[in-house]
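Take a look at the structure below.
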Amino acid sequence: MILAVVLLLLTVGSVLFHFYSPWWWTPIASNWDYIDHTIIITFWITGVAFVLIIGFVAYCVYRFRHREGQEAHYEPENKRLEWWLTIATSLGVAGLLAPGLVVWKDFVTVPAGASEIEVMGQQWQWSFRLPGKDGVLGKSSDGAVTVENPFGINKDDPQAQDDIVLEAADLHLPAGKPIKVLLRSKDVLHNFYVPEFRAKMDLIPGMVTYFWFTPTRTAKFDILCFELCGTGHYTMRGSVVVEDDAAYQTWLSQQTAFRDTYQRTKVVTKDSSVQ
Amino acid sequence: MSHSAVADTNVPHAHHGWSGLVHDWSTDQKAFKNVPWGKAMMWIFLLSDTFIFGCFLLSYMTVRMSTLDQWPNPSKVFALHIGGQEIPLILIAIMTFVLISSSGTMALAVKYGYQKDRVKTAILMILTAILGATFVGMQAFEWTKLIMEGVRPWGNPWGAPQFGSTFFMITGFHGTHVTIGVIFLFIMARKVLRGDFDVERKGFFTSRKGRYEIVETTGLYWHFVDLVWVFIFAFFYLW
Amino acid sequence: MVDVTPSAVDYVAPAHEEDELYHPHSFLTKYVWSQDAKIIAIQYAGTATAIGLVALVLSWLMRLQLGFPDTFSFISPEAYYQFITVHGMIMVIYLLTALFLGGFGNYLIPLMVGARDMVFPYVNMLSYWVYLLAVLVLVASFFLPGGATGAGWTLYPPQAILNGTPGRDYGIILMLVSLIIFIIGFTMGGLNYVVTVLQARCRGMTLMRLPLSVWGIFVATILALLAFPALFVGCVMMLFDRILGTSFFMPRIVEFGEQLAYGGGSPILFQHLFWFFGHPEVYIVALPAFGIVSDLISTHARKNIFGYRMMVWAIVAIGGLSFVVWAHHMYVSGMNPYFGFFFATTTLIIAVPTAIKVYNWVLTLWRANIHLTVPMLFAIAFILTFVNGGITGLFLGNVVVDVPLSDTMFVVAHFHMVMGVAPLLVIFGAIYHWYPLITGRMYNNALGQFHFWVTFVGAYLIFFPMHYLGFVGVPRRYFEINDTTFVPANVHELNMFISVVALIVGFAQMVFLYNIISSIWYGKKAERNPWRATTLEWQTPEVPPGHGNWGKETPVVYRWAYDYSVPGVAQDYIPQNTPPDDVPMAKPHRLQPA
Amino acid sequence: MAHAETQQAPVHHAQSHHAQGQQHPIGIYLWIWGLLFVLSFFSYLVDYFHLHGMLRWSLILLFMILKAGLIVAVFMHMAWERLALIYAILVPPVLLLVFVALMTLESDYTFLIREEFFGIGR
Ligand code: HEA
Ligand code: HEA
Ligand code: CUA
Ligand SMILES: [Cu+2]
C-alpha cells in the first residue's frame, strides 16, 4: 500500500519536477534547435512509457497485494500480448530513431559555404586560428608544432601568411554564417563545447576532428573543456564572442596576421633566451 | 576398464545435424554431449583467448593503417643472408614448419593417448615439446637479431615505431603461450609415462581424476598456438 | 509449449557423476583455502563489499566537494580526480562484477543447476585469491608516491600516462596491473561458471528449466569472457606505452611546450578497445540483476514469471547485441562520423529486448499474490529505477541527443540510475532473499524495511534531479564549476541537496551491514524454505547446504522453476524436484491447463 | 511435448573396448600434416615471388583460411564434434570480425584525415 503510493508519488513528482523545476537548458544560440526538438520528442515518447509502466506497477502492487485468500493466476505466456508489446515498442524506438538519424545527417554534412576555423587545445588553454582575408587556412602539421608556432603552420605556404592566430585570447565569430570548426590538440584529449551552441566534439592529438554550426545570437559565451584532460580540466575555459558582421570585420582588421606574429614571437623568444 | 567417463550416456543416435543441435541444447545435464568437462573448459578458454589475440592483431592493424610513417618491409627485415644470398623471410618460414611439425606430433600423441599407448604418447608429447622449444629458441634468435639491428619497442631505423612495438608484443605473447605449452607438455608427458592416467590419479590443479582426455585437452591448446601463428604469419610477416 | 508445462519430465537420463569431490580436512582447507563454491562465494562477496565500502566513502568525499566547494581544503583537484577514478573503477569492476559473478555466481550456480560444486574447484579457489591480489594492488596504489591514478575510470590515453594527471608515476601502472590480474582471476572463475552450467546440470535440468538467475549470470559470464580480452589488450598496450615508451596510443605530443618521444599512435584505438569491453561490461552487471530480480518477483508474487522463454531469449539477444553498440560512448570522440548511424541504430534496437523484460516483470505482477517482503520491495524498486535509467539511455543512444548531453551530469545520472542504483537494489534484495539459506537465520525485518526506504527513495532523490544538471550543461568530472554564462546560481543549491541525501543514503548502508552481521548470531532461526520457493537451492537436505550440496544423491528435476500457484494443487508452489506423482492435489483436477 | 523420445542411448556407442574418445586412422593426420606443409610453402612463395595487390592478398587469405580450417577441423577434431559445440565456438568470433571491419573503416578515416591535414611537410 505505502509502496504503491510512493511509486505514484515518485512518478508524478518526476513529471512535475520536469515541468516546474527551474533547471533547464540555456537558451540556444545556434542552428541546432533540431537537437532540442529531438530531445523534446524523446521526452514525450519515453515519458509516456515511464508513467504508464510505473502506474501499472503501482496499481498491481495495490490491487494484487497479498490478503487472506488471495490467489495468483496461473499464466505462463500470452503470445499475442507479447507480440503487441514488442511491436508497440519497436514503433516507439523507430519514432525516436528516425528524427535522430535525420538530424545526424545534417550534423555530419558541412554546408558548402561554411568558413573554416581551427581550435587548438592544450593543457589547459584554448588557441584559435582564423583563415584571414583569403578565407583559407594555411597548411599545417602536427610535427611542426613549437612554442613559437603553436599550430605548426607551414611558414612557406602563401595561404598561411594572412592566417590569424589567437593564443589565449577570445574567439570572435560573425553571426549567421555557417562555421566549420576544425579541432586539434597538442597533448591530450579535450572537448570543445559551448552549451549555447549545443554541439561538441573531442580534440584528439595527431588528428583533426570537426563539427559545424551557425551562430544565431550575438553575445559572449563560455567555452568549456568537456573531456577529462588532467588536473586542470575544470579550469580550461575560453570565450567566444558572436557579433554582427560589421563588428566582426572591425575586430578582424585589428588582428595581426601570422607572418607578423610569427616574426614577433621569434624575436621575443630570442631575446628572452639571451638574458 | 573401470570407468567410462568419456562415453556420455545420453547421446541419441537419432539426432544429427540441425536436429542434433536442437536436441543437444534442449536436453538435460550436458549441452555438449560426449565432451568431458576439461575439454569443454579448454574450448571456451580458447574462445576467450581468440578474442585476446584478435584484439592484439586488430590493434596492430589499426596502428599500421592509420600511421603516415613508412612501415618497414617485413620481407626484407626478416630476411637472412645464407651463402651470400639474401633469402626473404626464411627464418620465419622455418619456424612455421617447425610449429606445424609439432602440431602433427601432438595430433598423433592424442591418438595414441586414447589407445592407451603410454610410451608412444609420451614420446610424441616430448617430441612436440622439443619442437616447441626449438620454435621459442628461433624466436629468441630473431629477437636478438632485430635488437642488434636497432629495433626497439619504441623505434627502429626504418620507419614507423609501431613496427617494433607490435612485433615484440605479438610475437612475445605468442611465444609466452608456446612456452607455457612446452612446460605443460613435459608435465603431462611425465604423467603419461608414470601411468597416472591408467590409475586415474588425481591432478593437482584440477583435483579431479586424471584421464587420457587430458592429452587431448593439452593438444587443443597446442594446436591453438599453432593456429594463432597462422594468423600472425599472414598478417604480420606477409602483409 | 515445450518446457513450461507443469507436467512431468520428458525423459530422465541415467545419472552420470563425473567424479567424487575432494574432501577438506582442516579448518584452513575448509574455510580459508576452501574449494567449496559456497565458501568462495562468501569470500568474494565479503571482499567485494569491503572494497565497495571504500568506493562508497570516496563518493561521500566527492559529494562533499561538489555540494560544498571551497569548504574542504583537504580535497584538492588531484585528490578529486583520484577519487572519481577509483570510485568508478571499484564500483563497476571490483564490486559489481565480482559480487554478481564471483559472489552470486559461485553460490547459486551449483545449487540451482543441481551440481555438487563447480567443475574445477581448485581453479575456482585460485580465482578468488587472484581477485584478492588484484584488489590489494589497487589499494596499494593509494599509498605510493603520487597516489592512485586520476585518469577517470575510462583511463583514456594520452592523458592517463602524462604529467598533467595525478598518479601518473605509479598509480596508473598499478591500476593497469590490477586490472590485468583481475582479468586473469576472473577468467579462471568464469570458465568454471560457464562449464558448470553447460556440462554439470543434474538429471532433468534442461537449459529451459534453469531459473532466470542462472541464465543471467551465465550469459553475463560469457560476455565477460569475450569482452575482458579487449580490456586486457588495451591495458597491456598502455602499460607498454607508459613503461617502455612504445607509441600504440600516443601520437606526436607537445606537453607543456616540450616535445615528447612519442609519435604516430592512435588514441582513439584505446577508446574502441575500452568500449568494446566497456559496453558489454555494463550488461555484465545488468544481466545477473535481470535474472535475479525475475526470480525474486516471481517467488514473492507467488506467480510464474510471465513469458519465460521470451525472457531467456531477451537475455541472449541483449548479450549478443551488446557487442555491436560500443561506440555509442564515442559519438563525440571524433571517430568516423558515419559510425553514428550504425551505432545509434544498434543501440536503440537493444531497447526492444530490454523493454520485453520490463513488460514481463510488470505483467508477472498482474493478478499475482504480492507479498511485500523486503526482497520484494527491492525488486519492485528496481523496476522503477531501471526503467527510469534505461529511458535516459535512449536519450544518449540517439546520437544527436547525445551531442549536447555527452560528458554532462546527465550521463552520470543515467549510469547511476541504471547501474549504480538498479542492480545494487537487486543485490540488496538478493542478499535479503538468500540470507536465510546462507546463514540459516532471518534478518531483522524492521531494519530491512528502514534500509529499503532510505536507500530507494534517497537514491532516486539523488540521481533523478541530477539529470537536469546535465540539461543545464554542468559537465561531469569537474572539480568545481565556478561562474559561467549558463549555470544559474541555484544549481549549487541542488548540488548541496544531492550531497546531503547522498550522505544520508550512505549511512543507511551501515544499518544494512549491522543487520546482516548481527543477525548471523541474533537473528531468529529461519525455516527451511521460508519463501516457499521452487528452485533447487532451497531443497537441499541440509540448510544451509552442506559440503557437496546434495547428500547422497543429486536431485532429479521434473519441472521448470516457476510452478507457483498451479491450479488445483494444494500448496502454492511445487519445487522443481517434486515428481509428478508427489504433487499434493487439492481436489481432483486436470494438472495440465488445456 | 517436443521431446517425447523415451530412448536411453546405449552406453558404448562406436567405441572399442580398450580405447575411448576421438579415434581416427593415422593416415588422416599424416595427410593433413602434409597439406599444412604444402600450404605453408605456398604462402611463403607468395612473398618469395613478390606478388602484390589483390592477388597477393587473396592468396594470403586463402592459404591462411585453409590452414586454419584444417588445423581446427582435423587436428582439433572439430569436424567430428557435434554441432552444438561447433556453433558455440565458431559463432562468437563473428563479433570479432565486426570489430575488425569497423576498425578498418576507422583507421582508413584516421589515415585520410592525417594525410589531408598533416601529409604536407613530411
Ligand atoms: C548497468 C549498466 C547500464 C545499462 C543497463 C545501460 C543501458 C543503456 N545505456 Fe548506458 N551507460 C552505463 C551503464 C549502463 N547503461 C555507463 C556506466 C555509462 C557511462 C560510462 C562512462 O562514460 O563513464 C553509460 C553511458 C551510456 C551512453 C554514453 C553517453 C555518453 O558518454 O555520452 C549511452 C549512449 O548511447 C548509453 C545508452 C544506453 C542505452 C540505450 C541503454 C539501454 O540498454 C537501456 C534499455 C532500457 C530501456 C529502454 C528501459 C526499458 C524499456 C521500456 C520501459 C520500454 C519503453 C521504451 C520505449 C518507448 C522505447 N549509456
Ligand atoms: C555501481 C556503480 C556505482 C555506484 C553504486 C555509485 C554510487 C555513488 N556514486 Fe558514483 N560513479 C560510478 C559508479 C557508481 N557510483 C562511476 C562508474 C563513475 C564515473 C567515474 C568517472 O567519471 O571516471 C561515478 C562517478 C560519480 C560521480 C561523478 C563525479 C564527476 O564526474 O565529477 C558522482 C558525483 O556525484 C558520484 C556519486 C555517487 C554517489 C553519491 C553514490 C552512492 O553513494 C549512492 C548512494 C548509495 C547507494 C545506492 C548504496 C551503495 C552501497 C554500497 C556501495 C555498499 C557496498 C555494497 C554492499 C554492501 C553489497 N559518482
Ligand atoms: Cu581540456 Cu578537459
Ligand atoms: Cu554503453
Side-chain angles (χ1 to χ4, degrees), chain C residues 1-5 7-14 16 194-195 198-199 203-204 206-208 222-223 225-227 229-230 233 251-252 263-269 271-273 275-277 279-280 316 319-327 330 333-339 342-343 346 592, chain D residues 1-17 19-22 68 71-72 76-78 80-122:
Chain C
M1 290 191 337
V2 182
D3 272 305
V4 289
T5 50
S7 75
V9 315
D10 36 357
Y11 74 89
V12 175
H16 172 60
V194 173
V195 177
L198 286 177
Q199 300 294 85
R203 290 197 279 156
T206 62
L207 287 172
M208 278 305 190
I222 295 177
L223 294 193
L225 289 175
L226 304 184
V233 168
R252 198 174 299 235
S266 168
I268 219 162
L269 167 63
Q271 301 186 23
H272 280 292
L273 287 171
W275 291 115
F276 186 79
F277 145 76
H279 189 83
V316 175
L321 281 170
S322 73
F323 279 97
V324 290
V325 301
W326 76 88
M330 300 169 59
S333 70
M335 64 174 177
N336 187 338
Y338 289 92
F339 281 9
F342 176 78
F343 284 103
T346 52
Q592 208 162 348
Chain D
M1 303 296 302
H3 305 295
E5 323 92 347
T6 48
Q7 88 290 10
Q8 296 201 348
V11 178
H12 297 284
H13 94 106
Q15 293 193 350
S16 61
H17 274 289
Q20 39 177 264
Q22 302 266 357
I71 293 176
V72 176
M76 298 173 89
H77 295 159
M78 184 73 106
W80 295 283
E81 299 292 354
R82 294 179 64 81
L83 275 184
L85 181 70
I86 297 181
Y87 279 100
I89 301 301
L90 293 187
V91 170
V94 171
L95 301 169
L96 206 50
L97 293 181
V98 174
F99 195 8
V100 171
L102 283 161
M103 286 315 285
T104 321
L105 297 177
E106 180 75 324
S107 20
D108 268 343
Y109 176 73
T110 311
F111 181 80
L112 288 176
I113 293 277
R114 285 178 170 177
E115 173 104 286
E116 179 182 348
F117 288 96
F118 303 146
I120 309 275
R122 293 231 175 210

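Just so we're on the same page: letters track the sequence lines, and every chain starts at 1.
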*Below 4.5 Å from any heavy atom of chain D, which atoms of C/I268 appear? Answer side chain, backbone, both or neither.*
side chain
*Partner set under side chain to side chain contact (heavy atoms under 4.5 Å, CB included) for C/L269, not counting sequence neighbours*: B/S59, B/T62, B/V63, C/M237, C/F249, C/S266, C/L273, D/M103
*Can you list the residues that meet the side chain to side chain contact (heavy atoms under 4.5 Å, CB included) rule with D/L105, with sequence neighbours excluded?*
C/N336, C/F339, D/L102
*Could you pull out the closest heavy-atom pair between D/Y109 and C/G334, with the gap in Å?*
CE2-O, 4.0 Å
*What closest approach, in Å, do D/R114 and C/G264 show between heavy atoms, and which atom pair accounts for it?*
NH1-O, 3.4 Å
*From C/M330 CE over to D/E106 CD, what is the distance, rounded to the nearest 0.5 angstrom?*
6.0 Å
*asked:* Restricting to ring pair (Phe, Tyr, Trp, His ring centres under 6.0 Å), what partner residues turn up for C/F323, sequence neighbours left out?
replied: C/F276
_Neighbourhood of chain C inside residues 91-100 of chain D, taking heavy atoms under 4.5 Å as contact_ = D/P92, D/L95, D/V98, D/F99
